Amino acid sequence: MTSSSAPEEMLRLEGVSKRFPGVKALSGIDLSIRKGEVHALLGENGAGKSTLMKILGGIYQADEGRIFIEGSERSFAGYADAIAAGIGIIFQEFSLVPYLNAVENIFLGRYLTNRFGLMDRAAMKRSAQQLFDELGVQIDLGVPICRLSVAQQQFVEIGKALSLDAKLLVLDEPTATLTPNEAGHLFRIMRELRARGVAMIFISHHLDEIFEVCDRISVLRDGANAGHAEVGATDVDALVEMMVGRRIEHSFPPKPQPAPRGRKVLEVPEIQLAKGGPVNSFELHEGEILGFAGLVGSGRTELALGMMGADRAHRKTVLRNGRPVRLNDPTQALANGIGLLPESRKVEGLITDFTVRFNISMNNLGRHRRAGLVSQKSERQSAAELSKRVGVKAPGIETRVATLSGGNQQKVVIARWLGHASEVLIFDEPTRGIDVGAKAEIYGLMRELTQQGKAIIMISSELPEIVGMCDRVAVFSGGSIVATLEGDAINSGDIMRHATSSGSLQ
Amino acid sequence: MNATATHPTPPAPDGGLFTQLRRSTAFLPLVGLVAISVFMIAATDNFLSWGNLQNIALQSSINAIIAVGMTAAILTGGIDLSVGAVVALSGTLASGMMVQFGLPPVLAVPLGLAVGVVIGLFNGYCVAYLRMPPIIVTLATMGIARGIALIYTGGYPIDGLPDSFAFLGGGVLAGIKVPILIMLATYLVAYVLLNMAPFGRYVYAIGGNEEATRLSGVRVSRYKLLVYALSGFTAAVAGIVQAARVTSGQPGVGVGFELDAIAAVVMGGTSIAGGRGAIVGTLVGALLLGVLNNGLNMIGVSPYLQLIIKGGIVLLAIFISREAKR
Amino acid sequence: MNATATHPTPPAPDGGLFTQLRRSTAFLPLVGLVAISVFMIAATDNFLSWGNLQNIALQSSINAIIAVGMTAAILTGGIDLSVGAVVALSGTLASGMMVQFGLPPVLAVPLGLAVGVVIGLFNGYCVAYLRMPPIIVTLATMGIARGIALIYTGGYPIDGLPDSFAFLGGGVLAGIKVPILIMLATYLVAYVLLNMAPFGRYVYAIGGNEEATRLSGVRVSRYKLLVYALSGFTAAVAGIVQAARVTSGQPGVGVGFELDAIAAVVMGGTSIAGGRGAIVGTLVGALLLGVLNNGLNMIGVSPYLQLIIKGGIVLLAIFISREAKR
Amino acid sequence: QAPKQPLRIGMTFQELNNPYFVTMKQALEEAAASIGATVVTTDARHDVAKQIGDVEDMIQKKIDILLLNPTDSTGVQSAVRSAKKAGLIVVAVDANAQGPVDSFVGSKNTDAGRLACEYLAKSIGEKGDVAILDGIPVVPILERVKGCREALAKYPGIKVVSTQNGKQERATALTVTENILQANKDLKGIFSVNDGGSMGALAAIEASGKDVKLASVDGAPEAIKAMQKPGSKFIATTAQYPRDQIRLAIGIALAKKWGANVPAAVPVDVKLIDAEGAKTFSW
Ligand SMILES: Nc1ncnc2c1ncn2[C@@H]1O[C@H](COP(=O)(O)OP(=O)(O)OP(=O)(O)O)[C@@H](O)[C@H]1O
Ligand SMILES: Nc1ncnc2c1ncn2[C@@H]1O[C@H](COP(=O)(O)OP(=O)(O)OP(=O)(O)O)[C@@H](O)[C@H]1O
Ligand SMILES: [Mg+2]
Ligand SMILES: [Mg+2]
């Protein structure tokens, strides 16, 4: 290996360009990462961050540009090559095998074997256990990871990348599925790694996190370099302007005062998901946003899914507009005007092979029906309008959703529900992976919806968003709603206090 | 999913009819069909005659009709292995109704079709509501349907069908053999259903991501049920045509038809994993197989060698379409 | 995935051997096997005799051996429809070597196995490297292998095999028929391979999430190639046993064997979608089908009715295992 | 003497999708009923392995007499051996089996092919193109084709222009014949190895409107009926006698059981049935 450039430089990208059919994803990107620094990579949804990282990882091939690792030019035909060169990536979309357990996932591709060529399970389990001990997370190593919560899976993903002992670690939105607490964990680990000289590229739409853990910042805009900054010498507003090209009104839309107390559109006097489990109750009023707050795994998603019939509930009573309704599957929920924006867009929300248009009109074809058939014209019109409203960045409504960036995919699912007649909307982590600019738009849209008389349940792990958006907040702990807060009681301190209380408090 | 086939008028900036055609799922199969036909024209005397062309369409018709339902099943990410047995069951049952009970074809044919729908509904119920895997459900009903056909007939063919019924297999309308017309009608209906009606959209959606489709409130189970009912129905249509063509209800007919239908669907560009494909491609796929059978017979290739050649061409076709998609 | 099989010493707080057994993929198929056996014991005179039990194992052996490779293929999310034709090809080829060229079995058998591996490698190459869909690749090679077997033999069985070869099909070692021993050995090796060697985890991983597995640096293509080679190999082993059992190389043998093998795999609890299942379950599944065949014959159920009953029991078995998983 | 156990007869068929074998099965049941014997039948569906398994199961079931209609003559020999070892009387029916069978009852298949094709040759004026609709490669079928070829070879004016496999069933035979007719404009005659296939061929001939004559083997009811239609293209079939084969086989087996020395083979005559003969013929 010949080393000509500065010795402390871990990675240098020069003039990297990448074109997808119909999209110029990256044009002439330069990036330089030093050893032992945490380097933030920022940009709007679709700016090209993930694409750049995939090129670095050998998963995509750049059309132009060069990659230098520790001063010598490299090219990677596949991720295996990148791993061999000391690069580890935590992907934005999980890359885990659902039916294997955490140990098997972490060591996948490099299983330890004994002298008979058989797997040395004990050794692998030991080092996995050690890894998670260091991370400070509890993971059941024996069960298939599909039985773990999303956050736990995220930590398996993190553990997997860490176990590579990479010199350069890429973290593509790892905190999107973590609560601040767990994110804090992760930052501690990142600092330790930094102390050991590991270079990191950190991608996040939570700009406050950047200031907590990063050293330097590079910003992409529309696939091009938009600027670099030192963390000490910039602030959130400046970064946002660099990303978006304009200043953003990033306060939340004003809450209606006093809080709306229209008729009860949804009452759940009792719901028990599993035999012997906690019994909960809640209600939702016309025009309000009810927050479901709590730690990851506190059972918010489960309760919502159980309520609307997507999952089985052991016992439940649900009243819509005062009348009891049977909700045994999402179809019945939809028929009763209850819609869900699911937590995991790729798995539960989208048909990635479909176009933007099909995904948006998916459960709303009735509106476009002419003589029993789908009127393409009306469908196209409404899809175009809706995708514009949520700001989907795509070549057009006939683009396959699979080719959109993560954040833009999320926007497509939101657009689907904007166009729907449902009165009650359950938004599960609606802004996960959404950039700051778009977030503000989505908040605005949610308010708009409530002003039209719709009611929203917002499940969110982002406290500021809960505090800023919700008219009332149900705080979850251990599967129970331990408190319902309103008005001034909706503040981070109180929510966290309840969320971390033991489940039986009430 | 095939963007072009589903958007009769896409906003295609670089449109043009040929571009549109070239992008459609059915394009490559069509090229294959043309290529093989050209070869056959060169290799045989009589390939291009009107008689032989009808012959090919006629011989492809039964497989093509079965492949309609198979396309829908495969698009949802499923499969239907019971179609061959349904061909036998519907054919024998309809024949039995006419011969043993003297029912006129207008009554017997709907009964034959109904039995196909019933088997399809049973398949669909197991798949959609009991969440059993399609391949194994339809493998089981394949045995059951065949068993019923054999018990019903005692293993004998049912003979002595009225001429009005035989017309469905051998008759000519406007210069075209009736089975060909039935095939075309089936495809027309299927095209409308799959590309223009909400039903079709759901079929593609289920194959693309069943969980997401379910969570968005689509009645996934019901549409799956309908898809298998459709498959049972088209298999029964094929069974009626088959019985009319050989003017008897044969309990042993249709063994292996499921594989031919699957081949037609996949050769037609539909993804076996579901969610992507086009019904027009299936028709092309079925015709391609028909041309192959017919041409190899016409050339006089030994039946054994035919197996190898057919296998090779199926491979080649899939290979080329894969490469081209890259 | 079978949690129990993969963790020889699970942390199971509520462990106990029975609990462990109850959690394993093979548990329900085992219950089914026991239930059907109990029924057969009640319904027939002679079911439990040592002779009949060997009989059942013997008759299940060929399907069970084929089902080993099929399990691996299905675990990766694929399928192998060519196995039946490979049975014919390897059997006829090995027979031809012995009869026409006078090769001793120790040379002819490896050649027969090799041809299975070659077909398997070809399948695997198309699936893994050319990214063609397994169902259609193996459907095509099914025709090709069958065609080669037919051409090679001219359609006639190859007769006059040496007794030392016939021993593989009819011989007895330590009181047990040789095909049964071969079956057990195959399962032992497969168990180690799938549950204790890295190879097996990769097979499961590919079926669980191929893309993630690739991203983890696993050479997915290579392992898929190996899986199809394995499937070709076990089909060839079955072909050799089959030829030895019928003391002739039969070009027409094995039609529909792929469906029996798939049934065994799925009855054994392996998910047809890949990623989950257990080889032990497959053995149980194959024996279950064997008991069914044997028992229905012993009871004297008419062949037509057998088709229906078998279909019904397959459905019931899958239904029960689905329900229990809820 | 042992307590009175009714005699148990087991018969394994190569297929039961075919009227020819189904008729045998009927005759078997009638004959057995008349002597108070019980009957088990199995259907190998053309799978030798299954047939061997079926025989093994019947041995476990302790039958006394095994009537064996082999799906492959060589393939079943291990089953024959097991059966003999278990002390059964084994009579092959319709097609012979290798191994120590006690006797074989079957049609003179070479004759069957020869008779049909001689008649066909004469009916087309001893010249012209002829096609053969082949079947599954088992001995009886191969013998029929052989007999047919021998007969046709005597007529220098006749040329066999095409041999295709109709798999002995209607649907396949239909399409194969359609193609043969397309490819051979001047075809004058078709020989089908069995009546199942010939019915498909007949449908194709009728649909083509061509004057192609058809001859076959079996004497199945549907063929007999089709031949009697005025102007039928189906001119002749060499009849076999499935019921007689079974009756003879049971008789031989009983004789063997009583200790008789039985002939190794009992060839059953076949008879050419033309449109005239069809009026009075039935299995
Ligand atoms: N496989 C692909 N095919 C076509 N276009 C693609 C593909 N992958 C990404 N793109 C396009 O490239 C652009 C950059 O996407 P990328 O995923 O890199 O964005 P991102 O910055 O990571 O956004 P987010 O914050 O939403 O994750 C987007 O316009 C996207 O639509
Ligand atoms: N730490 C944990 N240990 C074991 N299981 C957990 C844990 N966390 C979550 N789970 C599983 O997840 C279920 C609750 O998760 P759910 O997704 O409903 O929570 P949530 O509050 O919506 O959190 P998330 O932000 O992950 O969506 C639990 O019932 C449990 O099955
Ligand atoms: Mg991204
Ligand atoms: Mg959640």
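The chains referred to below are lettered A, B, ... by the order of the sequence lines, with proteins before strands, and numbering in each begins at 1. Source: prediction; values computed, not measured.
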Of C:Val241, C:Leu168, C:Val237, C:Ile65, which is the lone residue that meets side-chain contact (heavy atoms from CB on, under 4.5 Å) with C:Pro179?
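Looking at C:Val241, C:Leu168, C:Val237, C:Ile65, the match for C:Pro179 under the side-chain contact (heavy atoms from CB on, under 4.5 Å) is C:Val241.
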Hey, which of D:Ile63, D:Leu254, D:Leu66, D:Leu28 is the one that makes side-chain contact (heavy atoms from CB on, under 4.5 Å) with D:Ile9?
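Output: one option passes, namely D:Leu28.
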Check each atom of C:Leu161 against the heavy atoms of chain D and say whether the ones under 4.5 Å are side chain, backbone, both or neither.
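Neither the backbone nor the side chain of C:Leu161 comes within 4.5 Å of chain D.
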Under 4.5 Å heavy-atom distance to chain D, tell me which part of C:Ile158 shows up: side chain, backbone, both or neither.
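Looking at C:Ile158, nothing touches chain D.
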Can you list the steps and then say if C:Ile66 with C:Val87 is a side chain to side chain contact (heavy atoms under 4.5 Å, CB included)?
CA-CA 9 Å; C:Ile66 297 172; C:Val87 165; 3.7 Å; yes
Point-to-point distance, once rounded to the nearest 0.5 Å, from CE of D:Met11 to CG of D:Leu16
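Result: 8.5 Å between the selected atoms.
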Spatial distance of atom CD1 (D:Ile141) from atom CG (D:Asn194) [nearest 0.5 Å]
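Separation between the atoms: 6.0 Å.
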For chain D, which candidate among C:Val301, C:Ile299, C:Ile56 shows the most heavy-atom pairs at distances under 4.5 Å?
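Among the listed options, the one with the most contacts to chain D is C:Ile299.
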Engaged part of D:Leu142 at the chain C interface, taking heavy atoms whose separation is under 4.5 Å:
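When you check distances to chain C, only side chain atoms of D:Leu142 fall under 4.5 Å.
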Who wins among D:Val138, D:Ile52, D:Val40 for the most heavy-atom pairs under 4.5 Å with chain C?
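With the most close heavy-atom pairs to chain C, the winner is D:Ile52.
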Mind listing the closest non-hydrogen atom pair of D:Asp218 and D:Gln240 along with its distance?
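Heavy-atom minimum between the residues: OD1-NE2, 2.8 Å.
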Show the pairs of one donor and one acceptor atom, one from chain D and one from chain C, lying under 3.5 Å apart.
| unit_1 | atom_1 | unit_2 | atom_2 | d |
| --- | --- | --- | --- | --- |
| D:Leu16 | O | C:Tyr304 | OH | 2.4 |
| D:Gly53 | O | C:Gln59 | NE2 | 3.0 |
| D:Asp54 | OD1 | C:Asn297 | ND2 | 2.8 |
| D:Glu56 | O | C:Asn55 | ND2 | 3.3 |
| D:Glu56 | OE1 | C:Gln59 | NE2 | 3.3 |
| D:Glu56 | OE1 | C:Arg245 | NH2 | 3.2 |
| D:Glu56 | OE2 | C:Arg245 | NH1 | 3.1 |
| D:Asp57 | OD1 | C:Gln59 | NE2 | 2.9 |
| D:Asp57 | OD1 | C:Asn294 | ND2 | 2.6 |
| D:Asp57 | OD2 | C:Asn297 | ND2 | 3.0 |
| D:Gln60 | O | C:Asn46 | ND2 | 2.6 |
| D:Gln60 | OE1 | C:Asn46 | ND2 | 3.4 |
| D:Lys61 | NZ | C:Met298 | O | 2.4 |
| D:Asp72 | OD2 | C:Gln250 | NE2 | 2.4 |
| D:Gln77 | NE2 | C:Thr247 | OG1 | 3.2 |
| D:Ser78 | OG | C:Arg245 | O | 2.9 |
| D:Gln98 | NE2 | C:Asp159 | OD2 | 2.7 |

Are any of the side-chain heavy atoms of D:Met24 and D:Leu67 separated by less than 4.5 Å?
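With C-beta onward as the side chain, the pair stays apart.
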Could you give me the CA-CA distance, side-chain angles and deciding distance for D:Leu152 and D:Phe191, then say whether side chain to side chain contact (heavy atoms under 4.5 Å, CB included) is met?
CA-CA 10 Å; D:Leu152 295 178; D:Phe191 169 68; 5.9 Å; no
